[in-house]
Every structure is written in structure tokens, then in C-alpha cells.
Number of protein chains: 2
Amino acid sequence: MGDTVNSSASTKERILTAAEALFAQRGFEGASLRQLTAAAGVNLAAVNYHFGSKDNLVEEVFKRRLDQLNARRLAALKQASGQAETDLEAVLDAFIRPALELSHEGGAGLFMRVLARAFAEHDDSLRKFLSDNYGHVMRQFTAEFARLLPQLSKEELYWRIDLVTGALTHAMSGFGIIQRKSDVSETIHREQTIAHLVRFSAAGLRAP
Amino acid sequence: MGDTVNSSASTKERILTAAEALFAQRGFEGASLRQLTAAAGVNLAAVNYHFGSKDNLVEEVFKRRLDQLNARRLAALKQASGQAETDLEAVLDAFIRPALELSHEGGAGLFMRVLARAFAEHDDSLRKFLSDNYGHVMRQFTAEFARLLPQLSKEELYWRIDLVTGALTHAMSGFGIIQRKSDVSETIHREQTIAHLVRFSAAGLRAP
DNA sequence: CATCGAATCAAACGATCGTTTGAGCATACG
DNA sequence: CGTATGCTCAAACGATCGTTTGATTCGATG
């Protein structure tokens, strides 16, 4: 296993990139700072020097990608809801596409596995962290869904959005039975995944 | 934090029960044998004596619950598909209900968080393990879904079952925004969860 | 050129990890 | 009674963990 980082990047960037990939592979506790710094090609002490602690590094890895995801989702939602006739599929696409795009790009493109793992870690401090960094985006999407699905009660709507999130997280984690075939490009596979998710979710949201 | 185990159970049982709860809380690598044996009220060496290694213990924890889940799902499917007119909702109930029941009972009732975490861990050996222990059950459900949804191509069907699994896993992990309110009993909350999952999934499976 | 501060380095720190050891205890069997 | 067997126990093993230290390097600044 060779280095996976661009040696021209700054030490901080190289640590973040290597950490993202290694956390996705081995988990937060399973990935040691020695493995991490070796993969990044930096000194062991660099993590504590630049980030203070391993926990802070974990938080920075999250923040970096969550900020991207939030920004792309909001931009996509703004465009979708700006149309003359906004439809449910367009809003779902704005919700789903940025997440899947981020899970296939950037460094080793493994951030979403990290996120899926974090979902399973499931402690309250993480819940609060995600709520603080995610809440306003989810509220905007929820409002748009509520406008498009006026027949649903608030509780019913929350439930269904939650289930859409579950299906999306599962698809992003790459754990499902569906594996990309070698004769299908990654881009095409992603588009198929998005199409399946949007169709399935739209029907689920519209359920009688 | 006091002991959480019945002191009358055998050492092996007490280890399994404590391990299930602690793995769910702290993860497989985060939960140490010293925490685990202390919670179980047994000696540190007891794990290696009875299970050989920590890895074997993890596997036993999985096997114990997966066997239960498989048996209940197959029994429920047999009953559902034995009806004169089997409908999609009944098969989905047979798929979903045993999983949610198991996630709310047994020891601290936390096994499904362990499973959800394992989904996120996501390495190939685990995939193979789950495939070996899960495969025949999933094949039976898939066959029944295929009979009830003849308009779907095989690939389309696999995709949608996978998304149902994602929604179910997410709901089981308890991470969603929906929290049980204190004035709702656990049983009622579970029934509501099942109802939402079945309705959402049925619509998703039937999507045009 | 001299000096200062940021960055990097090898080395070591104490803590904790999974596992092993060998003695001690209890019950069952001849 | 003597011994064999299954189990529990305190203690220790080496390995690895995150973190800290103090020296060293290096470019920028006065």
C-alpha cells in the first residue's frame, strides 16, 4: 500500500485526506495515528501539532465534507425550487445527488462511508454535532417537501423523510447487494443509483 | 454504572449479554475486555477461556441474534405466503417486524445497533459472513417479492429491496430524527414504526 | 548577518489493549 | 480418600495506543 496523498499539498491537507480514507477503512478507533501519519507521509507528532488531538482531527474531517455537502444541497434546492413548476423528483434529486457525488469524489472519495459509520456510532454528542451542522439544511428541505406533500401530517412527513435518509445512507455506504459491474463506468453507475433512489423515494413519500 | 447482567446466568451467557450491550454502545474496538468482563461480573480471563479470543466473541454475539432473526423471519414469511391471497404488505411485515422486535428485546435490546454498526464497518469478511448466514433468507424473500411484483426486472427488484433494507436498518439503529415520546409505550411506538416502514416500502416497491 | 517563530523530527512517556500463565478452588468419580 | 476435570482468579506479558518533549531545521524579518 503506497502513499495515497499528493506530496505537494500542505501537511494539514495531507493529514485530512489520509485521515478521511483511513477512517473509512478502519473506523475512528481502528485507525491509529501511526498508520495515518505514515500514509500521509508526515511525522507522527504532526497531528497533535496541527489539530491538537485525534478527536479534533475527527471533527475537522467531518466539518470539511459536511460544509461541502450542505452548500451543494442548498444550491441544488434553490435551483430546484426556483422553477415555475417544482416537482417532488427535482427536490429529491437536490437532496440525493450532492450526497452521492461527494461519496464518489474527493481524496479517496470515502467520506460517506465515514458518515455512514458515524451514523452507526450513534452517541448523543455526535447527534448534537450533526444537528448543529445539518439542522438548517434539513429544515429547508422539510419545508419544501411539506409544500409539495400537503396531505401529509407533520409527523408522517418526518417519518418518511427519515426513511428516505436511511435508504440514501445505505446506498452511499456501498454495503448493499448491488455492486457496480466492471463494464459500467462510475459516473453511469452513480446516475443509475440516483435514478433508483429518486423513483423509490418519491413513491414512498407519496404513499397513500 | 452497575452490572447489567443476571448473576444467576452462566458465565458464558453473562459475557454474551454484556458484550452485546457494550459493543452497541462503544463499538467492537471501543469496548475493551476489561470493561466487558467487569460489566458481566466475571474474570478478565473468562473471555479467552470460553471463547478463545475477542474476535470469536464478536462472531458469537452475531450468530446468536442472527439465528433468531432468520428463524423468525422465515416463520413469518411462511405464514404470510401460506395465505390464500398473499399481499405485498404481509410479506413486508414478515421482513420488517422480526427485525424491529429483536431490536427492542433481549438483554439491553441493543443488538440491532450492533448490526447497524457492522453494516457501516463494511469489510469483505463481514460481508461474506452475513451472506453465508443471511443469504438463504434473503433469497426466499426475494422470490416472494418477485412473485408479487412481476412487472419489475430482476435488477430493479434487487435495487428496491436494497433500499427497503436501508430504510429498515436506519430505523432500527434508532438514529433517526424520530424519537419515541415518553407518553407512548415502547410496544405502540414499535407498531407505529412498523406501520410507517411497511407503508413507505410498499409504495417504493410498487413505484412505476 | 543575526534572530526569531513556525514546522518537523526522533525518541520517549504512561496508559491501555488482548492474551497467557500458573496457582487455586470446586465438584465428580474410581 | 485421592485424583482428575472444569472453571475462576490475580498477575504478568509484550504490543500498541495517543500524547508530549526537546532538539533541529528553515524561511522570513529586522
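Quick caveat, the model's predicted, so the values are computed rather than measured.
Legend: residues meeting side chain to side chain contact (heavy atoms under 4.5 Å, CB included) with B/K78, ordered by chain and number and at least two apart, are absent. Considering only residues two or more places apart in sequence or on other chains, A/R97 meets the side chain to side chain donor-acceptor pair (under 3.5 Å) condition with A/D93, A/E191. With sequence neighbours excluded, no residue forms a side chain to side chain donor-acceptor pair (under 3.5 Å) with A/D55. The side chain to side chain contact (heavy atoms under 4.5 Å, CB included) search around A/A202 returns A/L88, A/E89, A/L92, A/R206, not counting sequence neighbours. Partners of A/V58 by side chain to side chain contact (heavy atoms under 4.5 Å, CB included), not counting sequence neighbours, listed by chain and number: A/F23, A/F28, A/F62. For A/Q140, the side chain to side chain contact (heavy atoms under 4.5 Å, CB included) partners are A/L74, A/L77, not counting sequence neighbours.
Contacts between residues 45-55 of chain B and DNA chain D, defined by a heavy-atom separation under 4.0 Å, are made by B/A45, B/Y49, B/H50.
Both B/L44 and A/A31 sit near DNA chain D, but only B/L44 has its closest nucleotide nearer the 5' end.
In this structure, CE on B/M172 lies 8.5 Å from OG1 on B/T165, to the nearest 0.5 angstrom.
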Please list, one pair per line, the donor and acceptor atoms closer than 3.5 Å that link side chains of residues 36-48 of chain A to other protein atoms, with sequence neighbours excluded.
from  : atom 1 : to    : atom 2 : distance (Å)
A/T37 : OG1    : A/L33 : O      : 2.7
A/T37 : OG1    : A/R34 : O      : 3.4
A/N43 : OD1    : A/A45 : N      : 2.9

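For DNA chain D, the contact window with chain B, defined by any atom under 4.0 Å from a protein heavy atom, covers D/dG6 to D/dA12 in 5' to 3' order.
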